[in-house]
Amino acid sequence: MTTETTTPAQQDENQIFAERRSKLNAIRKAGIAFPNDFERKHLAGDLHAEFGQMSHDELEAAKVHVAVAGRMMLKRVMGKASFATVQDMSGKFQLFISNGDTGEEAHNAFKHYDLGDILGAVGVLFKTKTGELSVRVTQVRLLTKALRPLPEKFHGLTDQEQKYRQRYLDLITNEDTRKVFIMRTRIIQTIREFFIRHGYLEVETPMMHSIPGGAAAKPFETHHNALDMKMYLRIAPELYLKRLVVGGFEKVFEINRNFRNEGLSTRHNPEFTMLEFYEAYRDYKYLMDFSESLFREVAQKVLGKTLISYQGKELDLGKPFHRLTMVQAIQKYHPQFTTAQLNDRDFLVNELKDLKAKYKPEDGVGGLQLSLFEELAEAHLFEPTFIVDYPVEVSPLARSNDKNHDITERFELFIVGREIANGFSELNDAEDQAARFDAQVAAKEAGDEEAMFKDNDFVRALEYGLPPTAGEGIGIDRLVMLLTDSASIRDVILFPQMRPE
RNA sequence: GGGUCGAUAGCUCAGCCGGUAGAGCAGCGGACUUUUAAUCCGUUGGUCGCGAGUUCGAAUCUCGCUCGACCCA
């Protein structure tokens, strides 16, 4: 990329750095310091899988020639012979380098290679006397000099802050970290395959919105220079995906980032990954069954089982998920409340006051029920539980229940006490949608920063006719946390948001 | 926003009642042709997160700040 050879930040200078830089300078003088002509032909993992079971004598007879490359993680020099362990994307492999096989000069050069350097080696497979599959190296080359030393080889990198800020170091050093992120990739891959197999179309909708919509959240704001207009990073793709269903794409899904301008915690990162999907001619009950089969399949394919352990407690995604209304969920953990009390506005306000819970005093019964549910029940929902019949006033995009217009055909799925999915039969009555937007605008004007904007084009789209449709969002980061037994969302996001150093 | 804990060599950590900094790994030099965190001998390396204060003297005590982890709102 560049030909700069000037030194980086001087305050990082230390003895080890200086020593390595002087080695690099010597390499530069001797020829090409960063060669790119080494042809790597084998991965450690493949070699272990293919030849790991062969005996010492079988390997000697087979004379398997290999070319491996990777970062040197361990080095043991013993005079006229040395062992080194290199690590590539698939695993680790041991090299045996000796005066007899490479010549004294090459072996002496190797002795000055440092842990962290990237090497390429060619040779023949053999087994050591302790039975470890290794390469008897005939040629070893330094491909990339590492100027900075690696973290200590036994403990690795343990400092949480450094693990998050310098994820590359965490990945080099900690196998567990690599496993989590490989699993994350597999989870997303499995989800994608599931939807494609069910006939869904994967789409991409805008990340920059002129009207943020689809969720109750504070957006990030930015500015478009050429159009001289305010824009928002999206808080949800929902309204665009439903426009696509209006357009005739009757089964769509999108896996992508949402942005919400809120605090950071072990469960919140300002940008996070969301799966949203919509299917015409389905309702929220279908979605619940569909979600159960999705979760089951992902666990089975990624973990090989549905019985999982999270932070020391077990749960089985193979068993039917519980289904409770919000009122039932509150009563499950607080049987002293009667249904009449939980539908009484004054009673709810008093309880919330006594509990010192967060709630909006202007809310109606529905909003207050939700606040009480969050305070008293949510954290207890360890086993997968769908909470159904959300109040209409907190569900401005969901279809009302035909028998009771105060509730919607909506559910949220909770696992390990955390909201992990949200789905509903979509509101496809354009006039009702327009009225609900107006109510949101009124709430916004009254000071609710999370209330929605009115999206007139979305209403116009509904006026052309949205078929009866069901839609759902699933928080991918939280799902990955669940399946990788991670306590913090930062442990499942490669580069979590941090304050500047 | 509040509370608890943390920041000392490149990394992992110790450093007690205040007396001017220590180990292991890594590095450097030496021995060693089957090691497995190799071993053995020798050795270099520090703005003790930042800034004040108390004190004859501060890594250590006090206050403030920065960054982080966890818990709470």
Side-chain angles (χ1 to χ4, degrees), chain A residues 8-24 26 56 59-60 71-87 91-104 106-108 110-117 123-137 145-170 172-175 262-268 311 352 355-359 371 374-375 378-379 417 486-491 496-501:
Chain A
Q10 288 299 311
Q11 67 242 71
D12 275 342
E13 196 60 57
N14 62 56
Q15 190 189 15
I16 293 174
F17 208 144
E19 182 68 38
R20 290 184 177 210
R21 188 175 285 113
S22 83
K23 287 179 183 177
L24 176 58
H56 176 274
L59 267 177
E60 291 299 322
R71 189 182 299 277
M72 181 160 66
M73 302 302 289
L74 288 172
K75 178 183 162 193
R76 299 177 285 278
V77 176
M78 299 169 301
K80 297 184 181 65
S82 301
F83 285 92
T85 303
V86 292
Q87 173 173 291
K92 292 189 170 81
F93 213 81
Q94 180 167 270
L95 309 180
F96 177 75
I97 301 122
S98 70
N99 285 0
D101 298 312
T102 63
E104 193 174 343
H107 185 220
N108 283 341
F110 166 81
K111 290 178 187 174
H112 294 287
Y113 295 175
D114 292 299
L115 293 186
D117 287 354
V124 178
L125 291 185
F126 78 111
K127 271 201 172 164
T128 65
K129 70 180 182 189
T130 53
E132 179 165 349
L133 187 64
S134 307
V135 187
R136 183 179 284 113
V137 172
K145 184 74 200 164
L147 293 174
R148 291 178 187 267
L150 289 178
E152 189 250 6
K153 63 187 173 190
F154 186 62
H155 299 90
L157 186 65
T158 62
D159 183 68
Q160 271 310 329
E161 178 178 358
Q162 215 178 343
K163 280 162 68 83
Y164 295 148
R165 288 192 194 279
Q166 294 180 264
R167 185 67 87 183
Y168 43 90
L169 265 190
D170 189 21
I172 289 170
T173 323
N174 296 319
E175 169 147 31
E262 293 159 5
L264 290 83
S265 79
T266 48
R267 285 171 291 275
H268 298 88
Q311 307 292 298
L352 287 163
L355 290 162
K356 293 179 180 139
K358 201 171 73 174
Y359 69 99
S371 296
E374 286 172 351
E375 183 70 21
E378 180 171 333
S486 300
S488 171
I489 197 169
R490 294 192 188 99
D491 294 324
Q497 191 61 48
M498 303 284 277
R499 258 175 236 272
E501 280 179 89

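Computed from heavy atoms alone, side chains included, the values below leave out hydrogens, waters and symmetry copies. We name chains A, B, ... by the order of the sequence lines, and we start the count at 1 in each one. Just so you know, these numbers come straight off a predicted model, no measurement behind them.
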So what does [X] hit on the nucleic acid, given a heavy-atom distance under 4.0 Å: a base, only sugar-phosphate, or nothing?
| X | result |
| --- | --- |
| A/S82 | nothing |
| A/R76 | base |
| A/G156 | sugar-phosphate |
| A/T173 | nothing |
| A/K23 | sugar-phosphate |
| A/R136 | base |

I need the [atom1]-[atom2] distance between [X] and [N], as an integer number of Å.
| X | N | atom1 | atom2 | value |
| --- | --- | --- | --- | --- |
| A/I172 | B/C11 | CD1 | P | 14 Å |
| A/Q311 | B/C70 | CD | C1' | 13 Å |
| A/Q160 | B/U12 | CD | P | 11 Å |
| A/E161 | B/C70 | CD | P | 12 Å |
| A/Q166 | B/C11 | CD | P | 9 Å |
| A/D159 | B/C67 | CG | P | 16 Å |
| A/F17 | B/G10 | CZ | P | 12 Å |
| A/R167 | B/G68 | CZ | P | 15 Å |

Short side-chain N/O contact from [X] to OP1 or OP2 of [N], under 4.0 Å:
| X | N | answer |
| --- | --- | --- |
| A/T158 | B/C13 | yes |
| A/K153 | B/C11 | no |
| A/K356 | B/A73 | no |

*If you pin A/R499 and A/L74 to their nearest nucleotides in RNA chain B, which one's is more 5'?*
A/L74

*Please figure out whether A/V77 or A/S134 has its closest RNA chain B nucleotide nearer the 5' end.*
A/S134

*Say whether, by atom type as modelled, one donor and one acceptor occur between the side chain of A/Q166 and the main chain of A/L169 under 3.5 angstrom.*
no

*Watson-Crick or G-U wobble mate for B/U43, both contacts under 3.5 Å*: B/G27

*Taking NZ, NE, NH1 and NH2 as the nitrogens, is one of them in A/D114 or A/K145 under 4.0 Å from a carboxylate oxygen of the other?*
yes

*Is there a donor and acceptor pair, one atom on the side chain of A/T128 and one on the base of B/U35, closer than 3.5 Å?*
yes

*Checking only heavy atoms, does the side chain of A/E132 share a donor-acceptor pair with the base of B/U34 at less than 3.5 Å?*
no

_B/A69 and B/G29, which share atom name P, separated by this distance in whole Å_ = 40 Å

